[in-house]
Q: 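Structure in structure tokens, see below.
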Amino acid sequence: MKILGIDVGGAGIKGAVIETTTGELLSERIRIESPRPATPEAVGITVQALIDQHHWSGPIGIGFPAAIQHGVARTAANIDPAFIGLPVADYFSRQTGCPVQVANDADVAGLAEMRFGAAKDTAGVVLVVTIGTGLGTALFSDGHLLPNTELGHIMLDNGLVAERYASEAVRDTQQLKWKDWGDRLNRYLVTMEKLFWPDLIVLGGGASKKLHKFAPRITVQAPVVPARFLNLAGMIGAALFAEEKLGAG
Ligand code: BGC
């Protein structure tokens, strides 16, 4: 099935038409800067621009940077607080006239990696961490997702919230060297390992391309691998999620 997959991020909103049977991109990936402030109306306008640029009129899946409970946003760490309590799937469906399904961005990136990517056919516990403006997490047990694990907000043993200490945005603004930031990410991953004992950790987001630069600082026992789809995983997974929901009626 062909679905327009959209990844709403703190910095950019990206979209591409995805073939859900293979995870392939059938169109070019288009990226538009995230509006500031990222209010529902402003994000809606950007989503519509992506639809127009793709000449799209079919189903849409959106990965969104918030806990999404049955289509309703429950948090808004890196997006306008006006989203909290908003039925985002219905809101974007009405605004665009296309059937829209919405889920947490890290959860859908995880779906893409479980189905076609770095965690394909992996039994046991898989933790996917997406590194961007925030730290997103997706947790799987034998391929089943526990949705909306907001583990980027966990407090570390230094008293700091993980995503305010080890995100890509923090590396950027504090101009941290890869090895120094690697130590920070490691502190986070060690904390995750002590709590969840994953069999595999998959890192997504822009930094996953640079794993070789900080891999020597990572001391967890679980293998740590880059996401196969790197920062495309959100768009691909958003389309997979929408297909699942459409199939379920
Ligand atoms: C949000 C999560 C999101 C993550 C990555 C966090 O700040 O709370 O819902 O998955 O950022 O975008």
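As a basis for the values below, the full set of heavy atoms in this structure was taken, side chains included, without hydrogen atoms, waters or symmetry mates. Numbering of ligands and ligand atoms starts at 1, following listing order. For clarity, every value in this text was computed on a predicted model and none was experimentally measured.
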Q: Could you list which atoms of ligand 1 come closer than 4.0 Å to a heavy atom of Ala77?
A: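 Atoms satisfying the 4.0 Å criterion: 7 (O), 8 (O).
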Q: Once the angle between the rings of Phe229 and Phe116 is folded into 0 to 90°, is it parallel (under 30°), tilted (30 to 60°) or perpendicular (over 60°)?
A: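 Because their plane-to-plane angle is over 60°, the rings of Phe229 and Phe116 count as perpendicular.
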Q: If we only count N/O pairs under 3.5 Å, is Thr137 in contact with ligand 1?
A: no
Q: Please state which option from Glu163, Arg164, Glu150 has its nearest heavy atom closest to atom 7 (O) of ligand 1.
A: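 Nearest heavy atom to atom 7 (O) of ligand 1 lies in Glu163.
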Q: Indicate, as side chain, backbone, both or neither, the part of Asn104 found under 4.0 angstrom from ligand 1 when only non-hydrogen atoms are considered.
A: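 Side chain only.
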Q: Find out whether the Lys NZ or Arg CZ of Arg217 is both under 6.0 angstrom from the six-membered ring centre of Trp181 and within 45° of the ring's axis.
A: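 Geometry flag: not set, cation outside 6.0 Å or 45°.
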Q: In ligand 1, which numbered atoms sit nearer than 4.0 Å to a non-hydrogen atom of Ala67?
A: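 Heavy-atom distances to Ala67 below 4.0 Å select 9 (O).
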Q: Looking at Glu150 and Arg74, does any basic side-chain N land under 4.0 Å from a carboxylate oxygen?
A: no
Q: For Glu33, is there an ion pair with Arg31 - N to carboxylate O distance below 4.0 angstrom?
A: yes
Q: Give me the nearest non-hydrogen protein atom to atom 12 (O) of ligand 1 as residue plus atom name, then the distance to 0.1 Å.
A: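 Closest protein heavy atom to atom 12 (O) of ligand 1: Asp105 OD2, 2.6 Å.
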Q: Testing the basics here: between Leu185 and Ile218, what is the closest heavy-atom pair and its distance to 0.1 Å?
A: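 Closest pair (atom of Leu185, atom of Ile218, distance): CD2-CD1, 4.3 Å.
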Q: Would Tyr188 and Ile154 count as a side chain to side chain contact (heavy atoms under 4.5 Å, CB included) here? Give the steps.
A: CA-CA 9 Å; Tyr188 176 61; Ile154 214 153; 4.0 Å; yes
Q: For Gly136, counting its heavy atoms only, list the atoms of ligand 1 lying under 4.0 Å from any of them.
A: 4 (C), 5 (C), 10 (O)
Q: Which is it for Ala66 and ligand 1 at heavy atoms under 4.0 Å: side chain, backbone, both or neither?
A: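 Within the 4.0 Å criterion, Ala66 contacts ligand 1 through backbone atoms alone.
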Q: Quick check on contacts: which atoms of ligand 1 are under 4.0 angstrom from a heavy atom of His153?
A: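 Result: 1 (C), 6 (C), 7 (O), 8 (O).
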Q: Testing Thr75, Asp7, Val8 for side-chain contact (heavy atoms from CB on, under 4.5 Å) with Pro65, which one passes?
A: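 Output: one option passes, namely Val8.
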